[in-house]
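Residue numbers start from 1 in every chain, and the chains themselves are labelled A, B, ... in the order their sequence lines are given, proteins ahead of strands.
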Number of protein chains: 2
Amino acid sequence: MTDDDRVFKALADPSRRFLLDLLFARDGRTLTELERELEMTRFGVAKHLRVLEEAGLVVVRRSGREKLHYLNPVPIRQIHDRWIDKFTEQHVTALIDLKRTLEEES
Amino acid sequence: MTDDDRVFKALADPSRRFLLDLLFARDGRTLTELERELEMTRFGVAKHLRVLEEAGLVVVRRSGREKLHYLNPVPIRQIHDRWIDKFTEQHVTALIDLKRTLEEES
DNA sequence: AAGTTATGTGACCGTTTGGTCACCTGTCAA
DNA sequence: TTGACAGGTGACCAAACGGTCACATAACTT
């Protein structure tokens, strides 16, 4: 299993993406804290966090018996850079901004 | 199955990511042309392309009996924007550039 | 010390997924 | 019109994945 394989496999599950959303909104949460937000047993959440951690999408810091989880944006940016070059980036961001503007008007 | 679910599921397979790499290098290829680059039957490749197409990562244009495939960068950019805000983006790109520089020196 | 809180492990099971095959449709060229 | 070429469909099977459970370890509290 290669590094990037771990990253994409980790992102393939909606529960794990939701965990990233939670950490994007607020970093440094514990397993128990995150568990409350999902309709799933603690074991399930722990398993998902482990997958995210092994993919490098989440980094952890121990503090006593607690394990604090942080979002690591680097792998996400690398996905971006793999298929979007500097030149294309300008067009795409402009396109997305335009789309957003049009949707707000309607 | 939501839109973004389709995108992430599509990206979860290494063969499909390789197809995106091929189209990133050169757009507008046919199934037969792409098939030559993979060690897989035509049916397998067709199935993967279909998944990429349904996810909106690849768009197609018919030309007679040929089907030309193009890479669509928009969903990739949206993944980026989901977990990297404007502020963080600067730090992350700087970090990745630095990492690349250090690796080139060694 | 004893109870509570936070997290970790390995097994288990139903579902999904990757890849192949036999067979079929549509298009171009001689 | 006959054959070659480009692509599509539905069924099938082995392997991987999501989620749960019983059980276990470690740290804080009183």
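- To the nearest angstrom, C1' of C/dT20 lies 17 Å from CZ of B/R50.
- Counting to the nearest Å, the P atom of D/dC17 and the CG atom of B/D5 are 16 Å from each other.
- Applying the 6.0 Å contact sphere to CZ of A/R50 captures no more than 12 heavy atoms from other residues, nucleotides or ligands.
- Note: NZ (A/K9) to C1' (D/dA15) measures 11 Å, nearest angstrom.
- Residue-level contact check: A/G64 touches the backbone only, with heavy atoms under 4.0 Å from sugar-phosphate atoms and none from bases.
- For D/dG19, one of the phosphate oxygens OP1 or OP2 lies less than 4.0 angstrom from a side-chain nitrogen or oxygen of A/H48.
- The listed nucleotides are C/dG8, C/dG18, C/dT7; the one nearest the side chain of A/E66 is C/dT7.
- Across C/dG8, C/dT20, D/dG7, the shortest atom-to-atom separation from the side chain of B/R62 is found for D/dG7.
- Look at A/T41 and you won't find any side-chain N or O under 4.0 angstrom from OP1 or OP2 of D/dG19.
- For B/L49 and D/dG8, the CG to P distance is 9 Å, given to the nearest whole Å.
- Side-chain proximity of A/K47 to C/dT17, C/dG19, C/dA11: nearest is C/dA11.
- Around atom CG of B/D3, no more than 12 heavy atoms belonging to other residues, nucleotides or ligands sit under 6.0 Å away.
- Per the geometry, CE belonging to A/M1 stands 13 Å off C1' belonging to D/dA15, to the nearest Å.
- In summary, the side chains of B/R16 and B/H48 do present a donor paired with an acceptor at a separation below 3.5 Å, with no hydrogens or angles considered.
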List the steps and the verdict of side chain to side chain contact (heavy atoms under 4.5 Å, CB included) for A/H91 and A/L95.
CA-CA 6 Å; A/H91 301 307; A/L95 206 66; over 6 Å; no
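- One finds a salt bridge joining B/R26 and B/E33 here, because a Lys/Arg side-chain nitrogen approaches an Asp/Glu carboxylate oxygen to under 4.0 Å.
- Put simply, CZ on A/F43 is 15 Å from P on D/dT25, counting in whole angstrom units.
- Regarding contacts with the backbone of D/dG8, a side-chain N or O of B/K67 is found under 4.0 angstrom from either OP1 or OP2.
- Residue-to-nucleotide proximity on DNA chain D shows that, of A/S63 and A/M40, the 5′-proximal contact is made by A/M40.
- A heavy-atom distance below 4.0 Å to DNA chain D is reached by these residues of residues 12-36 of chain B, ordered by number: B/T30, B/L31, B/T32.
- You'll find the side chain of A/D4 reaches within 4.5 Å of the side chain of B/R17, heavy atoms only.
- In this structure, CZ of B/R6 is placed 15 Å from P of C/dT16, rounded to the nearest angstrom.
- The backbone N or O of A/R29 sits less than 3.5 Å from a side-chain atom of A/H69, completing a donor-acceptor pair.
- Of the candidates C/dA6, D/dC5, C/dG19, C/dA6 carries the atom nearest the A/R65 side chain, counting heavy atoms from C-beta on.
- Distance from the side chain of A/R42 is smallest to C/dG8 among C/dG8, D/dG19, C/dC23.
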